[in-house]
Protein chains: 2
Amino acid sequence: MNQVKVGSRRSFDHDSKVTLKMVADRAGVSPSTVSRILNGTAVVSDDKREQVDKAIAELGFVPNPVARGLAGGRTLSIGVVAQVIDSPFYGAALGGIEEVLGPAGYSPLFMSGHWNAAEETRCIDVLRARRVDGIIMLTGRVGDSALKTVARSLPVVVTGRHLKAPNLYSLSLDNVAGGRLATEHLIAQGHRRIAFIMGVPNHPDAAERQKGYRAALEAAGLPFDPALVLPGQFSEESGLRATERLIDSRVPFSAIFAANDQMAFGAALALYRRSLRVPDDVSLVGFDDLASALYTIPPLTTVRQPVRELGRLAARAMLELLGGRRPQMAVPQPLVIERESTRRTHPG
Amino acid sequence: MNQVKVGSRRSFDHDSKVTLKMVADRAGVSPSTVSRILNGTAVVSDDKREQVDKAIAELGFVPNPVARGLAGGRTLSIGVVAQVIDSPFYGAALGGIEEVLGPAGYSPLFMSGHWNAAEETRCIDVLRARRVDGIIMLTGRVGDSALKTVARSLPVVVTGRHLKAPNLYSLSLDNVAGGRLATEHLIAQGHRRIAFIMGVPNHPDAAERQKGYRAALEAAGLPFDPALVLPGQFSEESGLRATERLIDSRVPFSAIFAANDQMAFGAALALYRRSLRVPDDVSLVGFDDLASALYTIPPLTTVRQPVRELGRLAARAMLELLGGRRPQMAVPQPLVIERESTRRTHPG
DNA sequence: CTGAAAGCGCTTACAG
DNA sequence: CTGAAAGCGCTTACAG
């Protein structure tokens, strides 16, 4: 009845210098066989497989990914280029990516592109030098053709654009629909003068959300007033500044739709500073539904973007690509989460 | 006047299959020499060095870190185990780490331990299997002795504890001082009944901040009332719950000190829900000074923790350790940032 | 089904 | 100061 106490030791106590060759010796087979069993690369007789499994367990063998990477070309690591690692938006996406890559045996290698094409290119270079097996690009500014070029040698999945190319998968949230939903929500509550803080002007997300905003106005027969759309930078600070400008401009408005939550947070502060109450005086809608949107005062009505889910889907798509399959991911539709920052306009 | 247009191509356009051997051939030297020049491992005659540099530039050679890792034992990657990658707190620290590691030629490998010793251990195992050159541990629950064991084979820097061991460097923020500062600030404003939401009870940070809280009360001759201290989980949600419990308990209080900003955000919402105004009815102080603390309504008075700087320092300490030096980092002292969530008690 | 051998791209004693 | 050689720990044609 003696039990083999395999795996009961705290793993990093023993020097993990156990090599595949040691396993092979112990099992009485060749290294090639062990390798094949490890990789499921070929059919191996049951008895050999058994012995090898036993040897692996007894020795506590863990394959060395570095050697694997050199020999086989696979490093089991995936490069992820985000824009800013310490942003609530990217943090959520990275969390989702990590969540699916880890269990699949892959390690994410995160890098920040800082909204800068040159830096993104540098990130890609570093990642390629490190022989990652694939690259996940979260939005970013590098050109589509550059991305396609990368995809010639590595699978790539990219979010925030629509791009078709071999070995490349793109997936994005429906920003037009989201923008439309937010605006419709406000219109349904009786708002007629709805300001829009749009985020980085040449950013596709910003442009698409604006398109939704305009579509909703049009559908409701409301005029589009350029004086009501303010540029922003997707940051709290820029939302604050835009709102101040809006108020100072004396253009009448009863609601603000900010193209992301962070700008909405800034807008809320600007309104507070100018003694305008939310939602009594001004209704406010954000976009993203960051975790913190639930804890603003008042809690923010916003368009839910499944950011974490998007990260998960991107990672799954990468796994598909890696497996030689064609990914087919369905990104959930945006929906408005009504909280307490919006309300019907006063009848007057 | 023909210019050599080295490096002007978009780097990932050419297949980076240039090997060290190709460089050696072109320069007419042996691979060993190229390697030594790359690593500054030995003195090499100027003319050879020149030829090699030229060949490297012409070929656009980039050393393969994977091969380097296998052969030399250095992978130029650093494992970083945080607790939750999508948390404002860890995001900031990771940003700081990335900021200094990148330019030094190292790539961070981030993993999340999820506040769980077993998972942290798994992270460390994965990281070691990947042959990282060092490990940075952001707080975490694994035992001190386990960490020391790891340090026997790898340099480790750990935050949030005081630990002395060869090849290991620990650095932490002065939580006792921070807790004291926050409490003193409130006392100076006339508050006598100061509630404390403490965060995960057995977490060292929480315990230390509480120690500071008690020290300040004592120094001011104020009684310590256990009914005023509430457990929390460092999350917004837990801050909200704790505050609701506090209010329901009918214990009188005029101020709340939350052991981190996220709990303070939750507390603010709970107060709002119960129609208690900040700071008119209750003063509120947080801890950390997250970027978003500036945008709460009203903006949160808090104890500034240089979290991003802590990340930078941890990374620098790692670089020192890697260079065989003894790090000597001075972590900035906490200080209270007075904003608008606190005010003097009413004279009555 | 399974070995022996070569090779992935570097580094590092070991000898000059 | 500099080569030739062995080796890091795997994988993968190539032959049975």
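Each chain gets a letter, A, B and so on, in the order its sequence line appears, and its residues count up from 1.
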I'd like to know whether R68(B) forms a side chain to side chain donor-acceptor pair (under 3.5 Å) with N39(B), so could you lay out the CA-CA distance, the side-chain angles of the two residues, the decisive distance to 0.1 Å, and finally the verdict.
CA-CA 11 Å; R68(B) 238 167 160 158; N39(B) 297 289; 3.1 Å; yes

Ring-plane angle category for W115(A) and Y90(A), please: parallel below 30°, perpendicular beyond 60°, tilted otherwise.
perpendicular

Taking only the C1' atom of each, what is the distance from dT12(D) to dG16(D) in whole angstrom?
16 Å

Side chain to side chain donor-acceptor pair (under 3.5 Å) assessment of R161(A) paired with S172(A):
CA-CA 6 Å; R161(A) 20 186 143 185; S172(A) 52; over 6 Å; no

If we check side chain to side chain contact (heavy atoms under 4.5 Å, CB included) with I37(A), which of these qualifies: D53(A), V29(A), I56(A)?
D53(A)

Letter per nucleotide, 5' to 3', of nucleotides 6-16 of chain C [B base touched, S only sugar-phosphate touched, - untouched; heavy atoms, 4.0 Å]
-BBBBBBB---

Kindly determine whether R128(A) and S153(A) satisfy side chain to side chain donor-acceptor pair (under 3.5 Å), including the steps that lead there.
CA-CA 10 Å; R128(A) 286 176 41 122; S153(A) 49; 2.7 Å; yes

Per-residue pairing states of DNA chain C in dot-bracket (Watson-Crick or G-U under 3.5 Å; . unpaired, | other strand) read |||.||||||||.|||

Using only atom types and a distance under 3.5 Å, with no angle test, would you say the side chain of Q83(B) pairs donor to acceptor with the backbone of S112(B)?
no

What is the distance from CD1 of I37(B) to P of dT2(D), rounded to the nearest Å?
8 Å

Under 3.5 Å donor-acceptor, T149(A) side chain and S145(A) backbone
yes

Distance-only donor-acceptor pairs under 3.5 Å for side chains of residues 311-320 of chain A, two or more places apart:
residue : atom : partner : partner atom : Å
R312(A) : NE   : E99(A)  : OE2          : 2.7
R312(A) : NH1  : E309(A) : OE1          : 2.4
E320(A) : OE2  : R325(A) : NH1          : 2.7

